[in-house]
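FYI, side chains are in, hydrogens and waters are out, and symmetry mates aren't considered; it's all heavy atoms of this structure.
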Amino acid sequence: ENSFDKYYSPLWGSNHLSVDPQGNEVQLLMDTSSGAGFRSKLDYGSGLFRIRMKIPEKKTEGIVTCFYLTSAPDNQEPGNHFELDFEFLGTNGTVQTNVYDYEGGHREQSFKLPFDPSQDFHTYGIFWNPSQIVFFIDGIPIRVFKNNSAQGVAYPSKAMHIEASIWNADWAGPVDWAQAPFVAHYQDFDFYACPTQNDDVSICGNGHYFWNRHRHLELNDEQKQQMKSYRSAYMTYDYCSSPSTSKQECSLN
């Protein structure tokens, strides 16, 4: 059994999803008829989730290529849910991260990447334990969302599954359909995580999982410096700069 079939299954647009014979790479194709997506077979309550991804190289707005965790049920309007996103809006090299905290999200932080994400595979990771959520690109931490539930900020308390997809969104701009089809590539399907059932994530805070150990409760000094440098060089939008954002929440992170 290859690693894609071991961990994932098609979610929608399966005629626009192809797996190479070795199971080492999946291609999701977007054209005027459909996009496509896949999801993890299990739900999880903590872990280090990652995938290698290459976005479509045809230049356009409007195409959204994603890798994310979500507690929303399949094929339903999400409503209030937890979600942790990497979303490429168009193919211009900007990636948006977002956190849905059992409400509508709107915690966008965007980065103009120091490489062309359509030309090569890069590793996008989401680290989640009871203390913090960290977004990584090629092993560099770019964003932290800490567990500040004691201060009244919600923190993921429901099981989430992984999804990856390609689709089109009006709010991401007009699609140049003359460039279609748009093809996203994914590799490296294994990850480290605590599977859970019935939404009970408390069992996934156990210290025998390496990502829950004491040294992972916050970034180390080197990682903090890496993140500070990356954000000052490449971040193009931060929801914390919006007048409507809770400044308390931003200061806690």
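Residue D120 qualifies as enclosed at atom CG: its count of foreign heavy atoms under 6.0 Å is above 12. The environment of H214 atom NE2 is sparse: at most 12 non-hydrogen atoms of other residues, nucleotides or ligands sit within 6.0 angstrom.
The two residues S71 and A159 come nearest to each other via the heavy atoms CB-O, 3.3 Å. Of all heavy-atom pairs spanning N147 and P130, the tightest one is ND2-O, 2.7 Å. Scanning all heavy atoms of the two residues, the minimum distance from C66 to Y186 falls at O-OH, 2.8 Å. When all heavy atoms of M30 and G35 are compared, the closest pair comes out as SD-CA, 3.5 Å. Listed here is the closest heavy atom pair of R39 and L42: NH2-O, 4.0 Å. Among all heavy-atom pairs drawn from S165 and W12, the shortest one is CB-CZ2, 4.1 Å.
Taking 4.5 Å as the limit, some side-chain heavy atom of Y237 sits within range of a side-chain heavy atom of S242. Side-chain contact between C204 and Y44: absent, with no pair of heavy atoms (C-beta onward) separated by less than 4.5 Å. In this structure the side chain of T123 reaches within 4.5 angstrom of the side chain of R52, judged on heavy atoms. Contact check for M160 versus W128: side-chain heavy atoms found under the 4.5 Å cut-off. In this structure the side chain of I137 never reaches within 4.5 angstrom of the side chain of Y234, judged on heavy atoms. The shortest side-chain heavy-atom distance between S157 and F82 falls under the 4.5 Å cut-off. Within the 4.5 Å cutoff, the side chain of Y8 has heavy atoms near those of the I162 side chain. The shortest side-chain heavy-atom distance between E249 and N148 does not fall under the 4.5 Å cut-off.
Within the model, atoms CD of E108 and CG of N98 stand 4.5 Å from one another, a figure rounded to the nearest 0.5 Å. Between the CD atom in Q223 and the NZ atom in K228 there is a gap of 16.0 Å [rounded to 0.5 Å]. Between the CZ atom in R213 and the NE2 atom in H208 there is a gap of 9.0 Å [rounded to 0.5 Å]. Taking CG of D238 as the start and OG of S110 as the end, the distance is 9.0 Å to the nearest 0.5 Å. Atom CG of D188 sits about 10.5 Å away from atom CD of E25, to the nearest 0.5 Å. To the nearest 0.5 Å, atom CD of residue Q22 and atom OG of residue S3 are 11.0 Å apart.
A continuous path of hydrophobic side-chain contacts links F111 to F145 [ILVMFWY only; heavy atoms under 4.5 Å]. The hydrophobic clustering, which links ILVMFWY residues whose side-chain heavy atoms are closer than 4.5 Å, places L11 and L29 apart. Residues Y100 and I133 do not share a hydrophobic cluster, clusters being chains of Ile/Leu/Val/Met/Phe/Trp/Tyr side chains in contact below 4.5 Å. Criterion: ILVMFWY side-chain heavy atoms under 4.5 Å apart, direct or through other members. Under it, V26 and V183 are not part of a common hydrophobic cluster. Hydrophobic cluster membership is shared by L113 and I166, with clusters built from Ile, Leu, Val, Met, Phe, Trp and Tyr side chains linked at under 4.5 angstrom.
In this structure, the side chain of Q96 does not engage the main chain of D85 through any donor-acceptor pair within 3.5 Å. In terms of modelled atom types and a separation under 3.5 Å, the side chain of N198 and the main chain of D200 share no donor-acceptor contact. A donor-acceptor pair is defined here as one N or O able to donate and one able to accept, closer than 3.5 Å; no such pair exists between the side chain of Q225 and the backbone of E222.
Judged as a ring-ring contact (aromatic ring centres under 6.0 Å, His included), and not counting sequence neighbours, the contacts of F86 are Y124, F135. With sequence neighbours left out, the salt bridge (charged side-chain N to carboxylate O under 4.0 Å, His left out) criterion links D199 to K158. By the salt bridge (charged side-chain N to carboxylate O under 4.0 Å, His left out) test, R50 pairs with no residue at all, sequence neighbours left out.
Grouped by direct or indirect side-chain proximity (heavy atoms under 4.5 Å, Ile/Leu/Val/Met/Phe/Trp/Tyr only), I203 sits alone. In this structure, F136 shares a hydrophobic cluster with L48, F127, V134, V144, Y192, Y209, F210, W211, L219, M227, the cluster being traced through Ile, Leu, Val, Met, Phe, Trp and Tyr side chains under 4.5 angstrom apart.
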Step-by-step side-chain contact (heavy atoms from CB on, under 4.5 Å) determination, V64 to N168 | CA-CA 6 Å; V64 183; N168 63 301; over 6 Å; no
- Would you check, one step at a time, whether the test side-chain contact (heavy atoms from CB on, under 4.5 Å) holds for F182 with I55? CA-CA 9 Å; F182 303 97; I55 71 168; over 6 Å; no
request  = Show your working on side-chain contact (heavy atoms from CB on, under 4.5 Å) between C194 and N206 and close with a plain yes or no.
outcome  = CA-CA 9 Å; C194 166; N206 191 304; over 6 Å; no
Can H16 and D31 be said to form a side-chain contact (heavy atoms from CB on, under 4.5 Å), step by step? CA-CA 9 Å; H16 284 54; D31 60 19; 3.0 Å; yes
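Considering F4, F67, Y7 in turn, F4 is the only one that fulfils the ring-ring contact (aromatic ring centres under 6.0 Å, His included) rule with F38. Test Q109, K112, R143 against M235 for side chain to side chain contact (heavy atoms under 4.5 Å, CB included) and you get one pass: Q109.
We find that K146 and E218 are not joined by a salt bridge, their nearest charged nitrogen and carboxylate oxygen being 4.0 Å or further apart.
Within the structure, side-chain hydrogen bond (donor to acceptor under 3.5 Å, both in side chains) pairs that include any residue of residues 57-68 comprise E57-Q119, Y68-E163 (at least two apart or interchain).
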